[in-house]
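The structure appears below as structure tokens.
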Amino acid sequence: MIEVDGLRYSIAGRMIFDGLSLRVPRGKITAFMGPSGTGKTTLLRLITGQIRPAAGRILVDGQEVATLTRPALFALRRRMGMLFQNSALLTDYTVFENVAFPLREHTRLPERLVRTVVLTKLHTVGLRGAARLMPSELSGGMARRVALARAMVLDPDLLLYDEPFSGLDPISMGMVLRLIRANNDVLGVTSVVVSHDVEEISRIADYCYVVSGGKIIGAGTPVELQQSDSPLVRQFMSGEADGPVPFHYPARPYREELLDGGA
Amino acid sequence: MAARSRGTLRQVVRRLGDGVRKLGAVMYFLAGMLRAMPYAVRRPALVWRQVHNAGVLSLVIIMTSGFFVGMVIGLQGYDAFSRLRQEDLLGAGAALTLLKELGPVVTALLFAGRAGTALTAEIGLMRATDQLSAMEVMAIDPMGRIAVPRFLGGVVSVPLLTAVFNSVGILGAYFVGVQLMGVDNGAFWSQMQEYVETGDVWEGVLKSIVFGITASLVAVFEGYTSERTAEGVGLATTRTVVVTSVLVLILDYMITAFLL
Ligand SMILES: Nc1ncnc2c1ncn2[C@@H]1O[C@H](COP(=O)(O)OP(=O)(O)OP(=O)(O)O)[C@@H](O)[C@H]1O
Ligand SMILES: [Mg+2]
């Protein structure tokens, strides 16, 4: 469903991706893992065509995203759903209208049907009762679940989840895990889950990529990754700060910076 | 000395470069809005909602300011005309001042301060919280959905608000001139009809349309291109007021010089 080849991208002169290649097979759950700040969100922005790569190709369903005309890109996006890391609910609409928004824009469903669809989606995330609230009245975890309902409302072929587990209590977390799995098993959705939550992701992902320093440092099924003998992957899976994967944002040596008194 | 003036020169050149780049960005933005125009035109309700918002935000401040500006014109006009023993001309003088100059200019400045800043902050916050990106990904053009209706709403509102400002202003002048200073009621209105020509009205209308486009474009552009931080939104809001005010005053001179 998604093919990334030799992707290069840099922000503000800093190389984020340096020749990244990966495949997301249709109908499977693929996870992108990696330390904070490696560019996982940036990768999703590239896949959805919000930004263009400096080099390399990104194919979604056989179409090269960066070269599509605007109408073609919009047609492609209509078949995608994306859960934003910070939910990105529209602040001047109610929860109900937020979820109804894509339906009202892209379909001509009668009001009764819109209501049914929206309430069903809200029910699956446990927030049917919150339909009349405004986004400002929601907690962070509730907002994520509303955003999840919104991402799913058009029954897309491809769902991109950016950190779906952050800020969720254990019950909501279980619900979201089952939901991602069910979208996949029942509806055949292709899913991309971005997370650094190794344990949760291992429970649902069919295949995982570990991204660090602009490259793929490991790939495989969760079980394969657990047993990987690559020191890079081992460090990430077990969560140690010291090791080949940099925990620190690029910087001068610590000692040097502390000693020179801020010149 | 030479070194310093060279430094200043370099700064001037850099400023000019920034200005040109900004102008290019505005043009690019305007082209984007034109492309998204059909979307908004097919949804007039979105535009009306913005006209309503701008109106609700600005009406009280426009009416209050208009009344006081009118009263000042009444006082100053009475003082000036009575020196010439031409008090009867007060109505005509007040109407001309308001219609041709003060109405469009002050309305545009108040609009920028009240509705313009609100627009910039609103759109800037949408940018900062990824709401615009979310729309993009939902295959909905945020230009058409967010920018264009707000722009058109402003373009429609400013001339309407200007008309309100002028009407209330004339009432203010009437209140001071006729009620307090004793100018003859009949003369106040008849001299106004006698001296105000259709061309004067059109000059005011033209100005209010140009200012409406300017103020709305600046407000929407600054919000849309603001940096995605609280500080960035704050700075953009300030720029809306500053840039609109300066542009309106410059354009006012240019239109006046052109028409006279
Ligand atoms: N607008 C920007 N200007 C400059 N640098 C940026 C900008 N946006 C992102 N970056 C940089 O790009 C890198 C990747 O950012 P991104 O948001 O994709 O990370 P991420 O992998 O999603 O991290 P997290 O897991 O914390 O969400 C970061 O190091 C960040 O510093
Ligand atoms: Mg991220």
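When the candidates T91(A), T48(A), L154(A) are compared by the number of heavy-atom contacts under 4.5 Å with chain B, T91(A) comes out ahead. Among the candidates L160(A), D92(A), L76(A), the residue making the largest number of heavy-atom pairs closer than 4.5 Å to chain B is D92(A).
For R112(A), the CZ atom sits in a loose shell: 12 or fewer heavy atoms of surrounding residues, nucleotides or ligands are nearer than 6.0 Å. The environment of R23(A) atom CZ is dense: over 12 non-hydrogen atoms of other residues, nucleotides or ligands sit within 6.0 angstrom. Within a 6.0 Å radius of CD in E137(A), more than 12 heavy atoms belonging to other residues, nucleotides or ligands are found. R52(A) CZ: 12 or fewer foreign heavy atoms inside a 6.0 Å radius. Other residues, nucleotides and ligands place no more than 12 heavy atoms under 6.0 Å from the CE atom of M63(B). Applying the 6.0 Å contact sphere to OH of Y93(A) captures more than 12 heavy atoms from other residues, nucleotides or ligands.
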M138(B) vs F74(A), test: side-chain contact (heavy atoms from CB on, under 4.5 Å). Steps then yes/no.
CA-CA 8 Å; M138(B) 286 189 274; F74(A) 273 37; over 6 Å; no

Criterion side-chain contact (heavy atoms from CB on, under 4.5 Å) on M82(A) and S133(B), from CA distance to verdict
CA-CA 10 Å; M82(A) 175 161 169; S133(B) 309; over 6 Å; no

Please test R43(B) against E105(A) for salt bridge (charged side-chain N to carboxylate O under 4.0 Å, His left out), starting from the C-alpha separation and ending with a verdict.
CA-CA 11 Å; R43(B) 293 167 178 76; E105(A) 287 290 324; 3.6 Å; yes

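Atom CZ of R70(A) is separated from atom CG of D141(B) by 4.5 Å, given to the nearest 0.5 angstrom.
Interface remark: T129(B) contributes backbone atoms only to the contact with chain A (heavy atom separation under 4.5 Å).
Only one option out of L89(A), N86(A), L90(A) pairs with Q131(B) in a side-chain contact (heavy atoms from CB on, under 4.5 Å); it is L90(A).
Contact of the R45(A) side chain with the V137(B) side chain is not registered, since no non-hydrogen atoms from C-beta on lie closer than 4.5 Å.
The backbone N or O of I140(B) sits nowhere less than 3.5 Å from a side-chain atom of H106(A) that would complete a donor-acceptor pair.
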